[in-house]
Amino acid sequence: MNSKEEIQFQKRLQDMANRVYSRGIPVFTDFLSISESSILHTMKNKLAGIRYETYGGYEFAERQIAMFVPDALFYDGYEEYPQDDYPIVTLKIDSIHKKFAEKLTHRDYLGALIGLGVERSQIGDIVVMEHCAYAFCHTGMAEFFQKELVQVRNTAVKTTVTTEEVSAQLTLQELTGTVPSLRADAVTAMVYKYSRNHALELFRGQKIFINGRLTESGSQQLKEGDIVSVRGLGRFVFTEVLSVTKKDRYCIQIKKY
């Protein structure tokens, strides 16, 4: 996103926040990319009279919908908007003939969805399994996808709405290792087996997002539960500090996906 696009996006968010404040009702965005979510987070202090929350359909979602809520709702005892009320539906895209199905990738599923003439902002994360994928979409698009998405590449598929819990089906790779500190660059270097300098280049290249916020400094200290997204490489959760060695190095646990 270039500077002009960023300014236009900020204006759209500000206009939406103003509508929420004047009407006194919650309003939802479309699915935001991680870059767009990062811009939203930087505007927190500029959105007077409203608060916002984000959710993408499951625990580790990268693409999320933002919900703007008037402050008044919080003052009346409002604490958190029910996740079930977000306009998000989970689709299961299942190979019909698994024996003859191709090995499909994230790009294949996304291409099939976009190829139906749908805006990317109507589609959230796509979680790929062995013979199926789970795609999160805007509620208003669910019926269309169920009717129209019948093939991915050369593989016949059936698309249905599901209530299956996607987070529970994710295969997370558990890693342990030692780092000299809990700096984000040190932990990222450990996870991807990079040198510290290589990891720093990822930060300088604006490829690191911590909890949805663009992070250009590798010096940020990670906390338990932080989700780090690395463009082109994936994501990991900083799970916990297991121990501290006699040489003051941290033995840590990571869950990578």
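Treat the numbers as computed from the prediction; the structure is a model and nothing was measured.
- For residues 103-113, the set of pairs meeting the salt bridge (charged side-chain N to carboxylate O under 4.0 Å, His left out) definition, not counting sequence neighbours, comprises D108-R153.
- S217 is linked by a side chain to side chain donor-acceptor pair (under 3.5 Å) to S219, counting only residues two or more places apart in sequence or in another chain.
- With sequence neighbours excluded, the residues satisfying side chain to side chain donor-acceptor pair (under 3.5 Å) with S229 are E62.
- Listed by chain and residue number, E164 satisfy the salt bridge (charged side-chain N to carboxylate O under 4.0 Å, His left out) test with K92 (two or more places apart in sequence, or in another chain).
- Among residues two or more places apart in sequence or in another chain, the salt bridge (charged side-chain N to carboxylate O under 4.0 Å, His left out) test is passed with D248 by none.
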Check residues 138-150 and write down every donor-acceptor pair under 3.5 Å in which the side-chain atom is one partner and the other belongs to a residue at least two apart or another chain.
from	atom 1	to	atom 2	distance (Å)
H138	ND1	G140	N	3.2
T139	OG1	P87	O	3.2
T139	OG1	I88	N	3.2
E143	OE2	K147	NZ	3.4

With a 3.5 Å cut-off and sequence neighbours excluded, list the donor-acceptor pairs that the side chains of residues 180-194 form with protein atoms.
from	atom 1	to	atom 2	distance (Å)
S181	OG	R183	N	3.3
R183	NE	D185	OD1	3.1
R183	NH2	D185	OD2	2.8
D185	OD1	R196	NE	3.2
D185	OD2	R196	NE	3.2
T188	OG1	A184	O	2.7

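- Partners of Q221 according to the side chain to side chain donor-acceptor pair (under 3.5 Å) rule, which considers only residues two or more places apart in sequence or in another chain, do not exist here.
- In this structure E119 satisfies the salt bridge (charged side-chain N to carboxylate O under 4.0 Å, His left out) test with no other residue, sequence neighbours excluded.
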Only pairs under 3.5 Å count here: list side-chain donor-acceptor contacts from residues 249-257, not counting sequence neighbours, and write none if there are none.
from	atom 1	to	atom 2	distance (Å)
R249	NH2	T178	O	3.2
R249	NH2	T178	OG1	3.4
Q253	NE2	E174	OE2	3.2

Quiz prompt | Stepwise salt bridge (Lys or Arg N to Asp or Glu O under 4.0 Å) test for K11 and D15 | solution = CA-CA 6 Å; K11 186 178 184 302; D15 289 345; 3.2 Å; yes
Contacts under 3.5 angstrom, residues 234-241 side chains, donor-acceptor by atom type, not counting sequence neighbours:
from	atom 1	to	atom 2	distance (Å)
R235	NH1	F60	O	2.5

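- Residue K158 qualifies as open at atom NZ: its count of foreign heavy atoms under 6.0 Å is 12 or below.
- Listed by chain and residue number, D226 satisfy the salt bridge (charged side-chain N to carboxylate O under 4.0 Å, His left out) test with K223 (two or more places apart in sequence, or in another chain).
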